[in-house]
Colleague: 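The structure is given below, and queries will be raised subsequently.
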Amino acid sequence: MVMVENAPQARPQTGLDQADIVYEILAEGEITRFVSVFQSQAAKTIGPVRSIRPYFVEIGDALDAVIVHAGWSQEAMDMMAGRKLAHLDEVYGDGAYYWRATDRKAPHNLYTSMDKMKQGAEARKFRSEWNGPLLTFAKDAQSKLTGAAVNYIQIPYIQGYFVSYEYNAAEGVYKRSMEGKPHLDKETGKQLQTRNLLVLESKHKIVDKEGRRTVDVFGPGKGLILQEGKSQQITWERKNGMLRAYAEGGKEVPLLPGNTWIQIVPEGTTLKME
(Lines give C-alpha, C1' and ligand atoms only; values in the text may rest on other atoms or scores of the structure.)
Protein backbone atom coordinates (compact mmCIF):
# COMPACT_ATOMS: atom_id res chain seq x y z
CA MET A 1 0.00 0.00 0.00
CA VAL A 2 1.71 3.14 -1.25
CA MET A 3 0.96 6.71 -0.14
CA VAL A 4 0.89 8.77 -3.35
CA GLU A 5 0.87 12.56 -3.37
CA ASN A 6 -1.79 14.65 -5.13
CA ALA A 7 -0.51 18.21 -4.77
CA PRO A 8 -0.41 20.06 -8.12
CA GLN A 9 3.41 19.68 -8.18
CA ALA A 10 2.98 15.89 -8.03
CA ARG A 11 0.76 15.60 -11.08
CA PRO A 12 0.68 13.67 -13.26
CA GLN A 13 1.40 10.70 -11.00
CA THR A 14 2.81 7.37 -12.09
CA GLY A 15 1.48 3.88 -11.47
CA LEU A 16 -2.04 4.62 -10.22
CA ASP A 17 -3.35 3.05 -13.42
CA GLN A 18 -1.88 -0.28 -12.27
CA ALA A 19 -3.29 -0.22 -8.73
CA ASP A 20 -6.05 -2.67 -7.85
CA ILE A 21 -7.68 -0.23 -5.42
CA VAL A 22 -7.15 3.51 -4.97
CA TYR A 23 -8.63 5.51 -2.10
CA GLU A 24 -8.68 9.30 -2.38
CA ILE A 25 -8.97 11.02 1.00
CA LEU A 26 -8.37 14.52 2.35
CA ALA A 27 -5.07 15.00 4.16
CA GLU A 28 -4.19 18.18 6.08
CA GLY A 29 -4.93 21.62 4.74
CA GLU A 30 -6.19 21.85 1.20
CA ILE A 31 -4.93 18.60 -0.32
CA THR A 32 -6.09 15.07 -0.97
CA ARG A 33 -3.83 12.02 -0.99
CA PHE A 34 -4.05 8.60 -2.64
CA VAL A 35 -3.86 5.28 -0.82
CA SER A 36 -2.89 2.98 -3.69
CA VAL A 37 -3.06 -0.78 -3.26
CA PHE A 38 -1.02 -3.05 -5.53
CA GLN A 39 -1.30 -6.81 -5.91
CA SER A 40 -2.01 -8.05 -9.42
CA GLN A 41 0.29 -5.86 -11.54
CA ALA A 42 4.04 -5.39 -11.16
CA ALA A 43 4.19 -1.61 -11.49
CA LYS A 44 7.72 -0.47 -12.37
CA THR A 45 7.23 3.11 -11.13
CA ILE A 46 4.87 4.34 -8.40
CA GLY A 47 4.70 7.83 -7.00
CA PRO A 48 5.44 10.49 -5.97
CA VAL A 49 5.46 8.89 -2.51
CA ARG A 50 4.58 11.03 0.54
CA SER A 51 3.83 10.77 4.24
CA ILE A 52 1.19 8.86 6.16
CA ARG A 53 -1.56 9.72 8.66
CA PRO A 54 -3.43 7.55 11.21
CA TYR A 55 -6.53 6.87 9.10
CA PHE A 56 -4.32 5.77 6.20
CA VAL A 57 -2.56 3.38 8.61
CA GLU A 58 -5.96 1.94 9.57
CA ILE A 59 -6.67 1.11 5.92
CA GLY A 60 -3.27 -0.56 5.45
CA ASP A 61 -3.54 -2.51 8.69
CA ALA A 62 -6.97 -3.87 7.71
CA LEU A 63 -5.60 -4.93 4.31
CA ASP A 64 -2.60 -6.65 5.95
CA ALA A 65 -0.46 -4.62 3.56
CA VAL A 66 3.18 -3.61 3.62
CA ILE A 67 2.73 0.12 4.17
CA VAL A 68 5.01 2.23 1.96
CA HIS A 69 5.49 5.93 2.81
CA ALA A 70 7.96 8.80 3.27
CA GLY A 71 7.50 10.31 6.69
CA TRP A 72 4.51 10.38 9.01
CA SER A 73 2.63 12.23 11.69
CA GLN A 74 3.70 11.21 15.17
CA GLU A 75 0.35 9.55 15.86
CA ALA A 76 0.67 7.49 12.68
CA MET A 77 4.19 6.34 13.60
CA ASP A 78 3.11 5.49 17.15
CA MET A 79 0.27 3.42 15.71
CA MET A 80 2.55 1.48 13.34
CA ALA A 81 5.15 0.89 16.05
CA GLY A 82 2.57 -0.14 18.63
CA ARG A 83 0.93 -2.64 16.28
CA LYS A 84 4.28 -3.80 14.85
CA LEU A 85 3.06 -3.19 11.30
CA ALA A 86 5.23 -3.96 8.30
CA HIS A 87 6.21 -0.66 6.69
CA LEU A 88 8.94 0.91 4.59
CA ASP A 89 9.75 4.54 5.44
CA GLU A 90 12.06 6.38 3.04
CA VAL A 91 12.78 9.09 5.63
CA TYR A 92 14.01 6.75 8.36
CA GLY A 93 16.11 3.86 7.17
CA ASP A 94 14.49 2.44 4.05
CA GLY A 95 15.81 4.82 1.39
CA ALA A 96 17.36 1.97 -0.60
CA TYR A 97 13.88 0.96 -1.76
CA TYR A 98 13.08 4.34 -3.34
CA TRP A 99 14.68 6.75 -5.78
CA ARG A 100 14.52 10.45 -6.59
CA ALA A 101 13.61 11.52 -10.12
CA THR A 102 15.64 14.35 -11.64
CA ASP A 103 12.83 16.05 -13.60
CA ARG A 104 11.04 17.30 -10.48
CA LYS A 105 12.02 19.10 -7.30
CA ALA A 106 11.92 17.44 -3.88
CA PRO A 107 9.74 16.47 -2.11
CA HIS A 108 7.60 15.79 -5.19
CA ASN A 109 10.05 13.42 -6.90
CA LEU A 110 10.19 10.27 -4.77
CA TYR A 111 9.29 6.95 -6.40
CA THR A 112 9.28 3.23 -5.72
CA SER A 113 8.31 0.02 -7.58
CA MET A 114 6.88 -3.41 -6.90
CA ASP A 115 10.38 -4.90 -7.19
CA LYS A 116 11.86 -2.35 -4.74
CA MET A 117 9.05 -2.95 -2.26
CA LYS A 118 9.53 -6.72 -2.44
CA GLN A 119 13.27 -6.27 -1.91
CA GLY A 120 12.55 -4.14 1.14
CA ALA A 121 10.06 -6.63 2.55
CA GLU A 122 12.60 -9.46 2.19
CA ALA A 123 15.47 -7.43 3.63
CA ARG A 124 13.35 -6.40 6.63
CA LYS A 125 12.19 -10.02 7.03
CA PHE A 126 8.51 -9.14 6.94
CA ARG A 127 6.08 -12.03 7.17
CA SER A 128 5.49 -13.33 3.63
CA GLU A 129 2.09 -14.98 4.23
CA TRP A 130 -0.80 -12.65 3.50
CA ASN A 131 -3.78 -12.61 5.86
CA GLY A 132 -5.73 -9.92 4.06
CA PRO A 133 -9.41 -9.67 3.11
CA LEU A 134 -11.18 -11.27 0.18
CA LEU A 135 -13.30 -9.10 -2.08
CA THR A 136 -16.81 -9.97 -3.24
CA PHE A 137 -17.15 -10.00 -7.04
CA ALA A 138 -20.19 -10.44 -9.26
CA LYS A 139 -20.22 -14.07 -10.39
CA ASP A 140 -21.31 -13.32 -13.95
CA ALA A 141 -19.19 -10.12 -14.14
CA GLN A 142 -22.29 -8.02 -14.78
CA SER A 143 -23.58 -5.11 -12.73
CA LYS A 144 -26.83 -5.60 -10.82
CA LEU A 145 -27.20 -1.98 -9.72
CA THR A 146 -30.80 -0.79 -9.49
CA GLY A 147 -30.52 3.01 -9.34
CA ALA A 148 -30.44 5.82 -11.86
CA ALA A 149 -28.13 5.99 -14.86
CA VAL A 150 -25.09 8.21 -14.19
CA ASN A 151 -22.86 9.13 -17.09
CA TYR A 152 -21.06 11.96 -15.29
CA ILE A 153 -20.31 12.68 -11.63
CA GLN A 154 -18.42 15.59 -10.07
CA ILE A 155 -16.99 15.36 -6.55
CA PRO A 156 -16.09 18.78 -5.08
CA TYR A 157 -13.51 18.09 -2.38
CA ILE A 158 -12.12 21.63 -1.97
CA GLN A 159 -10.71 24.37 -4.19
CA GLY A 160 -8.27 22.82 -6.66
CA TYR A 161 -9.57 19.32 -6.09
CA PHE A 162 -12.71 19.04 -8.18
CA VAL A 163 -12.74 15.40 -9.26
CA SER A 164 -15.03 14.09 -11.96
CA TYR A 165 -15.68 10.83 -13.78
CA GLU A 166 -17.35 10.29 -17.14
CA TYR A 167 -18.70 6.92 -18.24
CA ASN A 168 -17.21 5.38 -21.38
CA ALA A 169 -19.74 2.81 -22.58
CA ALA A 170 -17.43 1.28 -25.18
CA GLU A 171 -14.92 0.30 -22.48
CA GLY A 172 -17.35 -0.12 -19.57
CA VAL A 173 -15.29 2.20 -17.32
CA TYR A 174 -15.49 5.62 -15.70
CA LYS A 175 -12.71 7.96 -16.91
CA ARG A 176 -11.24 10.29 -14.30
CA SER A 177 -10.59 14.04 -14.60
CA MET A 178 -9.29 16.71 -12.22
CA GLU A 179 -10.28 20.36 -12.59
CA GLY A 180 -12.05 19.43 -15.82
CA LYS A 181 -8.95 17.97 -17.48
CA PRO A 182 -8.25 14.25 -18.03
CA HIS A 183 -6.16 12.86 -15.15
CA LEU A 184 -3.33 11.09 -16.92
CA ASP A 185 -0.58 8.67 -15.97
CA LYS A 186 2.82 10.32 -16.40
CA GLU A 187 4.52 7.35 -18.08
CA THR A 188 1.78 6.03 -20.36
CA GLY A 189 -0.14 9.25 -20.98
CA LYS A 190 -3.38 7.29 -20.57
CA GLN A 191 -6.36 8.63 -18.65
CA LEU A 192 -6.99 7.02 -15.27
CA GLN A 193 -10.16 4.94 -15.18
CA THR A 194 -12.10 2.55 -12.97
CA ARG A 195 -14.59 -0.30 -13.27
CA ASN A 196 -16.03 0.31 -9.81
CA LEU A 197 -16.48 3.80 -8.36
CA LEU A 198 -17.54 4.26 -4.74
CA VAL A 199 -18.25 7.65 -3.14
CA LEU A 200 -18.44 7.24 0.64
CA GLU A 201 -19.54 9.94 3.11
CA SER A 202 -17.47 9.93 6.28
CA LYS A 203 -17.08 11.96 9.48
CA HIS A 204 -14.14 14.41 9.18
CA LYS A 205 -12.69 16.62 11.94
CA ILE A 206 -9.72 19.03 11.93
CA VAL A 207 -7.61 18.36 15.03
CA ASP A 208 -4.62 20.78 15.03
CA LYS A 209 -3.32 24.12 13.75
CA GLU A 210 -1.61 22.41 10.80
CA GLY A 211 -5.05 21.35 9.59
CA ARG A 212 -4.55 17.64 10.19
CA ARG A 213 -7.77 15.66 10.23
CA THR A 214 -9.34 12.60 11.69
CA VAL A 215 -11.36 10.70 9.09
CA ASP A 216 -13.71 7.84 9.93
CA VAL A 217 -12.69 4.78 7.90
CA PHE A 218 -14.88 2.36 9.85
CA GLY A 219 -18.44 3.55 9.22
CA PRO A 220 -21.24 2.91 8.93
CA GLY A 221 -22.10 5.74 6.58
CA LYS A 222 -24.01 6.65 3.45
CA GLY A 223 -22.61 6.31 -0.03
CA LEU A 224 -23.03 5.67 -3.72
CA ILE A 225 -21.64 2.99 -6.02
CA LEU A 226 -21.36 3.32 -9.80
CA GLN A 227 -20.79 0.55 -12.33
CA GLU A 228 -21.37 0.34 -16.09
CA GLY A 229 -23.22 3.66 -16.22
CA LYS A 230 -25.60 2.80 -13.38
CA SER A 231 -25.72 3.86 -9.74
CA GLN A 232 -27.10 2.70 -6.43
CA GLN A 233 -27.41 4.31 -3.01
CA ILE A 234 -25.65 2.18 -0.40
CA THR A 235 -24.47 2.13 3.16
CA TRP A 236 -20.80 1.37 3.73
CA GLU A 237 -18.94 -0.19 6.61
CA ARG A 238 -15.55 -1.73 7.21
CA LYS A 239 -16.05 -5.47 7.57
CA ASN A 240 -13.48 -8.22 7.19
CA GLY A 241 -10.73 -5.77 6.31
CA MET A 242 -12.47 -3.81 3.53
CA LEU A 243 -14.78 -0.83 3.17
CA ARG A 244 -17.76 -2.66 1.72
CA ALA A 245 -20.99 -1.45 0.08
CA TYR A 246 -24.34 -2.78 1.26
CA ALA A 247 -27.75 -2.51 -0.36
CA GLU A 248 -30.95 -1.91 1.58
CA GLY A 249 -31.54 -5.10 3.52
CA GLY A 250 -27.87 -5.60 4.29
CA LYS A 251 -26.70 -7.62 1.29
CA GLU A 252 -23.22 -6.75 0.06
CA VAL A 253 -23.06 -5.14 -3.40
CA PRO A 254 -20.49 -7.12 -5.42
CA LEU A 255 -17.67 -5.50 -7.37
CA LEU A 256 -17.08 -6.04 -11.08
CA PRO A 257 -13.76 -7.69 -12.03
CA GLY A 258 -11.21 -4.94 -12.55
CA ASN A 259 -10.00 -1.99 -10.51
CA THR A 260 -11.82 0.07 -7.89
CA TRP A 261 -11.56 3.73 -6.90
CA ILE A 262 -12.99 4.79 -3.54
CA GLN A 263 -13.63 8.50 -2.96
CA ILE A 264 -14.02 9.25 0.76
CA VAL A 265 -15.73 12.63 1.21
CA PRO A 266 -16.98 14.66 4.19
CA GLU A 267 -20.57 14.08 5.26
CA GLY A 268 -23.00 16.28 3.38
CA THR A 269 -20.84 16.65 0.25
CA THR A 270 -23.06 17.64 -2.69
CA LEU A 271 -22.40 15.59 -5.80
CA LYS A 272 -23.23 16.79 -9.29
CA MET A 273 -24.56 13.96 -11.46
CA GLU A 274 -25.84 13.74 -15.01
Colleague: Got a salt bridge between Asp103 and Lys186, using NZ or NE/NH1/NH2 to carboxylate O under 4.0 Å?
Modeller: yes
Colleague: Residues in ring pair (Phe, Tyr, Trp, His ring centres under 6.0 Å) with Tyr174, at least two apart?
Modeller: Tyr167
Colleague: Any carboxylate oxygen within less than 4.0 angstrom of a Lys/Arg side-chain nitrogen, looking at Asp61 and Arg83?
Modeller: yes
Colleague: Please list, chain by chain and in numerical order, all residues satisfying ring pair (Phe, Tyr, Trp, His ring centres under 6.0 Å) with Tyr246, sequence neighbours excluded.
Modeller: none
Colleague: Is the shortest side-chain N to carboxylate O distance from Asp216 to Lys205 below 4.0 Å?
Modeller: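 Between Lys205 and Asp216 there is no salt bridge, as every charged N stays at least 4.0 Å from the carboxylate O atoms.
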Colleague: Would you say Arg213 and His204 are linked by a side-chain donor-acceptor pair, where the criterion is simply a distance under 3.5 Å?
Modeller: no
Colleague: Suppose the criterion is salt bridge (Lys or Arg N to Asp or Glu O under 4.0 Å): which pairs have a residue in residues 132-141, not counting sequence neighbours?
Modeller: Asp140-Lys144
Colleague: Under the criterion side chain to side chain contact (heavy atoms under 4.5 Å, CB included), I'd like the reasoning laid out for Arg238 against Glu58: C-alpha separation, chi angles, the key distance, then a yes or no.
Modeller: CA-CA 11 Å; Arg238 191 177 105 177; Glu58 292 286 9; 4.0 Å; yes
Colleague: Could you pull out all residues at least two apart from Phe126 that satisfy ring pair (Phe, Tyr, Trp, His ring centres under 6.0 Å)?
Modeller: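 Testing Phe126 for ring pair (Phe, Tyr, Trp, His ring centres under 6.0 Å), a comparison that skips the adjacent residues, returns none.
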Colleague: Can you tell whether the side chains of Glu252 and Arg244 come within less than 4.0 Å, N to carboxylate O?
Modeller: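 Judged by the 4.0 Å cut-off on N to carboxylate O distance, Glu252 and Arg244 do form a salt bridge.
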Colleague: Residues in side chain to side chain contact (heavy atoms under 4.5 Å, CB included) with Asn259, at least two apart?
Modeller: Thr194, Arg195, Trp261
Colleague: Within the 3.5 Å criterion, strictly below it, is a donor on Ser51 or Arg53 matched to an acceptor on the partner's side chain?
Modeller: yes
Colleague: List in chain and number order the residues that pass side chain to side chain donor-acceptor pair (under 3.5 Å) with Ser113, two or more places apart in sequence or in another chain; answer none if no residue qualifies.
Modeller: none
Colleague: Rounded to the nearest 0.5 Å, how far does CZ of Arg176 lie from CG of Asp17?
Modeller: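 CZ of Arg176 is found 12.5 Å from CG of Asp17.
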